[in-house]
Amino acid sequence: MRTPIAAGNWKMNLGPQEAEQFARTLRAQLDGLAGVDTVLFPPYIAIAPVHRAIAGSTLQLGAQNCADVASGAYTGEVSAPMIAELCRWVILGHSERRIYFGETDTFITRKALAALGAGLQPIVCIGESIEDREANLTERVITAHLQALMTEVPDDQIGRVTIAYEPYWAIGTGHTPNRQNVEDVVAIIRALVAERYGMAAGEAMRILYGGSVTSTTIQEFTGSPHIDGALIGGASLTADFVAIANAIAQSKTV
Ligand code: PGA
């Protein structure tokens with residue numbers, strides 16, 4: 001039984017003060033919600049205040065990125081061991097990192113290894129562009145992303161990796177694929193993981209959908225036994241996140 005995840009990626013929004021306040025509001029409404037891992041991903045500088053705000057609650061914390069090395073002369077970077085002092089999770093390979101900051105599969109894989117080495121649980125984002133989709137290249141793109149990762153992640157670590165399927169064209173656009181589209185990609189991911197690590201690992205992997213998720217669009221996906229929750233951007237900055245987390249929790253408990 002895979003516990004679903006409601007992951008709120010705040011991106012570059014909410015400084016330390018606003019973030020702490022918003023986390024307290026979310027805590028008041030989501031603490032104790034069973035059947036879902038509810039995880040907040042504030043900007044680096046707001047991690048400590050949010051950690052304070054949710055301490056002792058069932059809400060969990062993560063970073064939106066990490067460095068591929070543990071320490072040293074890397075101005076502006078934050079390492080996985082530093083993040084692990086306050087967080088359990090880290091998002092890696094988000095399409096905005098790939099597109100705006102030139103992150104490659106090789107680089108993202110090094111970050112994943114650093115995160116796993118520090119005891120973090122990475123959520124690795126993969127997805128295709130609209131051009132890839134229109135050219136029927138979705139499977140090829142997904143496979144390339146995953147194979148880069150799976151070549152390096154050892155058998156005893158894959159159980160701590162979560163995959164977020166986020167088609168680039170669905171992020172922040174209001175456009176979402178339908179349930180069948182997502183289930184098709186999830187099936188490809190599970191098959192690739194099973195081929196590399198065995199059936200049990202394929203079955204156990206948590207696979208999220210991300211891209212324009214709201215309390216309305218989530219209804220398309222919550223009924224699916226194959227989709228294990230969502231990575232939520234814009235809607236995670238509003239009260240809608242509470243409704244989404246509840247919808248995900250309920251879908252798996254009935
Ligand atoms: P969105 O972002 O929900 O605002 O589309 C999703 C994401 O980037 O993870």
Side-chain angles (χ1 to χ4, degrees), residues 4-14 18-19 22 26 30 36-44 46-47 50 60-66 87 89-103 105 108 111-112 115 120-130 132-133 138 141-142 145-146 149 161-179 181-182 185-186 189 206-222 224 227-248 251:
I5 300 172
N9 174 11
W10 295 359
K11 307 194 180 184
M12 199 172 73
N13 296 289
L14 306 183
E18 276 181 314
F22 184 50
L26 290 178
L30 288 172
V36 61
D37 283 335
T38 305
V39 194
L40 309 180
F41 293 88
Y44 285 141
I47 284 175
V50 171
Q60 301 173 44
L61 191 56
Q64 298 171 16
N65 186 20
C66 75
C87 300
W89 298 86
V90 65
I91 295 171
L92 296 176
H94 191 280
S95 62
E96 287 149 16
R97 303 288 326 163
R98 295 177 188 264
I99 294 167
Y100 303 141
F101 303 97
E103 293 196 8
D105 282 326
I108 293 158
K111 290 178 181 223
L120 289 167
Q121 294 176 227
I123 297 179
V124 181
C125 303
I126 61 177
E128 81 285 2
S129 66
I130 190 68
D132 293 333
R133 187 170 196 90
T138 301
V141 170
I142 296 297
H145 285 322
L146 264 184
L149 185 74
V161 175
T162 294
I163 299 291
Y165 170 53
E166 299 207 308
Y168 294 10
W169 50 272
I171 296 175
T173 59
H175 301 298
T176 53
N178 65 31
R179 172 176 160 168
N181 294 151
V182 175
V185 176
V186 167
I189 296 169
R206 290 191 280 182
I207 304 175
L208 315 182
Y209 167 71
S212 297
V213 170
T214 64
S215 57
T216 306
T217 62
I218 194 69
Q219 305 303 333
E220 176 79 6
F221 308 111
T222 43
S224 171
I227 306 168
D228 306 314
L231 180 53
I232 304 122
S236 74
L237 296 164
T238 72
D240 208 30
F241 184 68
V242 173
I244 297 167
N246 274 288
I248 292 172
S251 71

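The first residue of the sequence shown is numbered 1, and numbering continues consecutively from there. Order of appearance sets the numbers: ligands from 1, and atoms from 1 within every ligand.
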Give me the one residue out of I108, I189, V141 that meets side-chain contact (heavy atoms from CB on, under 4.5 Å) with I126.
I189

Numbering as shown, the atoms of ligand 1 that approach S212 to under 4.0 Å (heavy-atom distance)
1 (P), 3 (O), 5 (O)

Please answer whether the main-chain N or O of Q64 pairs with a side-chain N or O of Y44 as donor and acceptor at a distance below 3.5 Å.
no

I218 and A247: which non-hydrogen atoms are nearest, and at how many Å?
CG2-CB, 4.1 Å

Counting from 1 in the order shown, the ligand 1 atoms closer than 4.0 Å to a non-hydrogen atom of H94 are 7 (C), 8 (O), 9 (O)

Using distance alone, decide if ligand 1 has a nitrogen or oxygen within less than 3.5 Å of any nitrogen or oxygen in G172.
yes

Under a 3.5 Å threshold, yes or no: a donor from one side chain and an acceptor from the other, between Y165 and E128?
yes

Among the heavy atoms of A235, does any lie under 4.0 Å from an atom of ligand 1?
no

Check each of K11, H175, Q64 against atom 2 (O) of ligand 1 and report the one with the nearest heavy atom.
K11

for atom 6 (C) of ligand 1, nearest protein heavy atom and its distance come out as G233 N, 3.5 Å

So the atoms of ligand 1 within less than 4.0 Å of a heavy atom of G234 turn out to be 1 (P), 3 (O), 4 (O)

Regarding D240 and S215, do their side chains bring together a donor and an acceptor under 3.5 Å, going by distance alone?
yes

Ligand 1 atoms nearer than 4.0 angstrom to some heavy atom of L231 are 9 (O)

Ligand 1 contact by G211, heavy-atom criterion under 4.0 angstrom:
yes

Salt bridge between R179 and E220, side-chain N to carboxylate O under 4.0 Å?
no

By number and element, which atoms of ligand 1 are closer than 4.0 Å to a non-hydrogen atom of E166?
6 (C), 7 (C), 8 (O), 9 (O)

Check P122 against L92 and note the closest heavy-atom contact, atom names and distance.
CB-CD1, 3.9 Å

